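For clarity, every value in this text was computed on a predicted model and none was experimentally measured.
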Amino acid sequence: MAEWDIRKLQILRTLREQGTVTATAKVLRMTPSAVSQQLTNLAKQIGVPLLEAQGRRVRLTDAARLVLRHAEVVFEQLERADAELAAYAHGEVGEVRVGAFSTAVPALVVPAVKALRATHPGVGVRVREAEAGQAYELLAAGDVDLALSLAAQAPSEADPRFTRVPLLADPLDLALPHDHPLAFAEGLRLADLAAEPWIFGGSGPWSDITRGACEAAGFSPYQGHSAAGWTAILAMVEAGMGVALVPRMVGARREGVVMRELGDDRPVRHVVAAVRKGAEDAPAVGRVLVALRSAAAG
């Protein structure tokens with residue numbers, strides 16, 4: 001029987017996800033030479049070649065992909081074993097590390113923590129703010145136990161590493177200067193602002209969401225200004241420099257800005273939580289997920 005090494009299998013899986021030895025080493029906090037050495041040793045242990053040269057890079061062999069297909073079952077079962085041990089050893093006592101994007105922290109994580117203090121004071125939550133896409137990198141690396149992200153930034157639901165939990169369809173409201181001719185118009189539609197300068201980030205999920213919403217309404221938005229922070233965006237809207245889409249979850253308000261709800265075809269962004277496959281059975285993680293669902297429903 002081949003000799004299996006879980007740590008080396010984890011390195012191989014990370015290489016499959018990251019694509020290069022250098023990127024794998026960075027994620028795992030190893031040196032590239034150490035990654036290469038570990039994978040060479042694994043190939044010797046199990047008796048099949050795992051990597052082959054492809055120009056200046058390497059790619060996984062068919063044998064390596066076969067190994068990983070079976071290893072995913074092992075990783076899931078180990079997560080379940082950890083979950084059961086936690087239930088046996090700690091019951092409802094434990095700490096859950098949560099990675100969440102900035103607007104999700106005050107809107108979802110903080111209310112969930114407050115609720116848990118009242119109902120399950122033994123369950124602690126440690127929060128780490130992260131960009132929507134980065135939250136999954138932290139989850140895959142084991143740096144957090146639960147990730148809050150946007151569905152548009154999440155890996156595929158078929159990804160064998162994660163279990164995804166839908167939390168919220170967050171409506172996008174339209175931010176207009178108070179003295180804008182359409183600020184109080186009835187039946188306002190997104191397409192009515194097609195000729196306006198729009199304010200949104202130059203790249204990343206919010207740029208994609210804004211462009212996607214406007215294109216779905218039949219026009220391509222002209223980006224008058226680029227900003228990522230809601231304070232800056234609303235200040236520019238108040239000054240009459242443009243208009244913007246703002247997630248309702250942000251809860252941002254400014255005296256000189258009118259927030260308008262759009263109609264039935266209003267755009268939304270979908271917020272999801274994710275854990276490593278099998279870890280959803282850990283009692284403390286389950287309690288946090290329940291609290292997050294309750295916060296989202298509220």
Side-chain angles (χ1 to χ4, degrees), residues 6-7 10 13-14 17-18 26-30 75-76 78-151 153-155 159 161-168 170 204-205 228-230 247 249-251 269-298:
I6 296 299
R7 176 57 177 165
Q10 289 174 326
R13 181 170 69 165
T14 304
E17 304 304 331
Q18 296 297 319
K26 183 177 180 180
V27 168
L28 298 177
R29 299 184 178 90
M30 300 172 64
F75 289 130
E76 179 176 349
L78 287 173
E79 289 284 359
R80 295 190 186 281
D82 282 344
E84 290 184 19
L85 286 171
Y88 175 81
H90 304 294
E92 299 212 345
V93 176
E95 181 180 74
V96 179
R97 299 164 299 164
V98 175
F101 61 101
S102 58
T103 54
V105 174
L108 295 176
V109 179
V110 171
V113 170
K114 289 180 177 178
L116 284 168
R117 285 177 179 170
T119 59
H120 299 87
V123 177
V125 176
R126 184 148 55 98
V127 180
R128 178 167 177 176
E129 185 179 324
E131 294 293 335
Q134 184 193 12
Y136 281 92
E137 297 176 9
L138 296 172
L139 186 62
D143 292 334
V144 299
D145 306 304
L146 189 153
L148 264 67
S149 185
L150 301 176
Q153 298 296 111
D159 192 312
R161 298 173 296 167
F162 307 122
T163 295
R164 285 173 46 170
V165 179
L167 286 180
L168 178 68
D170 186 24
W230 298 114
M249 197 170 73
V250 171
R269 63 173 187 172
H270 295 276
V271 181
V272 297
V275 297
R276 289 183 294 277
K277 186 79 75 173
E280 64 271 21
D281 295 334
V285 171
R287 295 295 184 192
V288 175
L289 279 171
V290 168
L292 287 169
R293 286 196 197 101
S294 296

J.: What is the minimum heavy-atom distance between Leu148 and Phe101, and which atoms define it?
T.: O-CD2, 3.4 Å

J.: Taking the side chain as every heavy atom from C-beta outward, state whether Thr119 and Arg287 have any atom pair closer than 4.5 Å.
T.: no

J.: CG of Leu146 to CZ of Arg276: how many Å apart, nearest 0.5 Å?
T.: 9.5 Å

J.: For the salt bridge (charged side-chain N to carboxylate O under 4.0 Å, His left out) test, which of Glu79, Glu17, Glu137 pairs with Arg161?
T.: Glu17

J.: Please check if the side chain of Asp170 supplies one atom and the backbone of Pro247 the other of a donor-acceptor pair under 3.5 Å.
T.: no

J.: Any side-chain heavy atom of Arg293 sitting closer than 4.5 Å to one from Val165?
T.: yes

J.: Decide yes or no for Val105 and Val110: does some side-chain heavy atom of the first lie under 4.5 Å from some side-chain heavy atom of the second?
T.: yes

J.: To check you understand the geometry: which heavy-atom pair defines the closest contact between Leu289 and Ala273, and what is its length?
T.: CD2-CB, 3.9 Å

J.: Among Leu139, Val275, Val272, find the residue that satisfies the side chain to side chain contact (heavy atoms under 4.5 Å, CB included) test when tested with Phe162.
T.: Leu139

J.: Rounded to the nearest 0.5 Å, what's the gap from CG on Leu108 to OG on Ser294? Could you check?
T.: 11.0 Å

J.: Can you confirm whether more than 12 heavy atoms, excluding those of Glu131, are under 6.0 Å from its CD atom?
T.: no

J.: Could you walk me through whether Glu76 and Arg80 pass salt bridge (Lys or Arg N to Asp or Glu O under 4.0 Å), step by step?
T.: CA-CA 6 Å; Glu76 179 176 349; Arg80 295 190 186 281; 2.8 Å; yes

J.: How far does CG of Asp143 sit from CZ of Arg128, to the nearest 0.5 angstrom?
T.: 5.5 Å

J.: Identify the two heavy atoms, one from Ala296 and one from Leu168, that lie closest to each other, and give their separation to 0.1 Å.
T.: O-CD1, 3.7 Å

J.: Output, in order, the C-alpha distance, side-chain angles, deciding distance and verdict of side chain to side chain contact (heavy atoms under 4.5 Å, CB included) for Asp159 and Tyr136.
T.: CA-CA 12 Å; Asp159 192 312; Tyr136 281 92; over 6 Å; no

J.: Please round to the nearest 0.5 Å and tell me the distance separating atom CD1 of Ile6 and atom CZ of Arg13.
T.: 10.0 Å

J.: At their closest point, which heavy atom of Pro121 faces which heavy atom of Arg117, and how far apart are they?
T.: CB-O, 3.7 Å

J.: Rounded to the nearest 0.5 Å, how far apart are CG of Leu150 and OG1 of Thr103?
T.: 7.0 Å

J.: Heavy atoms only: give me the nearest Ala130-Leu138 pair and the separation to one decimal.
T.: CB-CD1, 3.8 Å

J.: Under 3.5 Å, is there a donor-acceptor pair between the side chain of Arg97 and the main chain of Gly142?
T.: yes

J.: Locate the shortest heavy-atom distance separating Ala135 from Gly99; write the atom from each residue and the value.
T.: CB-O, 4.2 Å

